[in-house]
Engineer: 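Below is the structure I would like to discuss, written out as structure tokens.
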Amino acid sequence: MPKFTKKSNFPTALFVAASLAIFILCGVFFFIIKINFINNIANQPAKQPSSTDKYYLNKNYSEGDLLITKVPELKDMLTGPIITDVDPNLGAKNAPVTIVQFSDFECDFCHEQGEILKQILNKHQAETKLIWKDYPKNNEDSISFQAAVAARCAQKQNQFWAFHNLLYQNSNNLTQLKFLNFADQLNLNRAKFVKCLDNDNIKQLIKNNIKEANALNIKGIPCIYVNDQEVIGEITIKKLSKIIEIEFKNINN
């Protein structure tokens, strides 16, 4: 009669037990990591507006990052422009009166209005500051939108207003090549400037301004606000000075 030798089950049992132990340990390990991750997220402070940010809101809404708020709609929340250091500005940082200009670099009348605003800033240096808001064509392929991006890229190198002036001086014949020439004239870092022109974050700044303008139901440009007061149509230095004086008086009363 043939004999059969039965192999020991010990190595197999040991392997199964070891595999089960490793599986359980891995599960516990990943569970601990998940709990720590959730706790870290929960303990992170919520994003707060900058101390310089200012929102003109309907009384039913509180401050927050309005441009990413989906409910309710932005147009139902705002009664005036969003004041933030993200947008280019001139004048006294803590000025009680803020002039916001929604504009486009292909708009000649916007340029004329901008020159009046510069004179206003010189006349009311202690009381006013100017904030630029882009309102180009809502099309990334348009030279209007590209000019806005180029100016924001110059802003990244602290040359927004100088670039702004060059754009307006050539507003009837703007091209990508001219943007590069302007950058060279201002001694910008060309490599950084060129890379910036395709930066999605920069483009989003422009889109945020457009979204804000649409929420405010702006019908045309140039459009300016003195604090939350919209000023429509052609504005003279005399008329704008009067509005600023009234606004300043109301703030101090």
Engineer: Indicate the atoms forming the closest heavy-atom contact of Leu167 with Ala147, along with that distance.
Structural biologist: CD1-O, 3.7 Å
Engineer: Test your reading of the model: is there a side-chain donor-acceptor pair from Asn89 to the backbone of Leu130, 3.5 Å cut-off?
Structural biologist: no
Engineer: Can you list everything that forms a side chain to side chain contact (heavy atoms under 4.5 Å, CB included) with Asn250? Sequence neighbours excluded, please.
Structural biologist: Ile246
Engineer: A side-chain contact here means heavy atoms from C-beta on lying under 4.5 Å apart; do His164 and Phe105 qualify?
Structural biologist: yes
Engineer: When you compare the side chains of Gln204 and Asn208, does any donor N or O come within less than 3.5 Å of an acceptor on the partner?
Structural biologist: yes
Engineer: Going hydrophobic residue to hydrophobic residue with side-chain gaps under 4.5 angstrom, can you get from Ile224 over to Ile237?
Structural biologist: yes
Engineer: What residue pairs, at least two apart or across chains, pass ring pair (Phe, Tyr, Trp, His ring centres under 6.0 Å) with a residue in residues 193-229?
Structural biologist: Phe163-Phe193
Engineer: Within a radius of less than 6.0 Å around NZ of Lys203, do more than 12 heavy atoms belonging to other residues, nucleotides or ligands occur?
Structural biologist: yes
Engineer: How would you list all residue pairs meeting salt bridge (charged side-chain N to carboxylate O under 4.0 Å, His left out) that involve residues 238-253, not counting sequence neighbours?
Structural biologist: none
Engineer: Please list all pairs meeting salt bridge (charged side-chain N to carboxylate O under 4.0 Å, His left out) that have one or both residues in residues 145-154, counting only residues at least two apart or in different chains.
Structural biologist: Asp87-Arg152, Asp134-Arg152
Engineer: Quick one, Leu90 and Phe160 - any side-chain contact, counting heavy atoms below 4.5 Å?
Structural biologist: no
Engineer: If the condition is salt bridge (charged side-chain N to carboxylate O under 4.0 Å, His left out), which residues does Lys118 pass it with, not counting sequence neighbours?
Structural biologist: Glu115
Engineer: Which residues pass the salt bridge (charged side-chain N to carboxylate O under 4.0 Å, His left out) test with Lys123, not counting sequence neighbours?
Structural biologist: none
Engineer: Does Lys137 NZ have over 12 foreign heavy atoms under 6.0 Å away?
Structural biologist: no
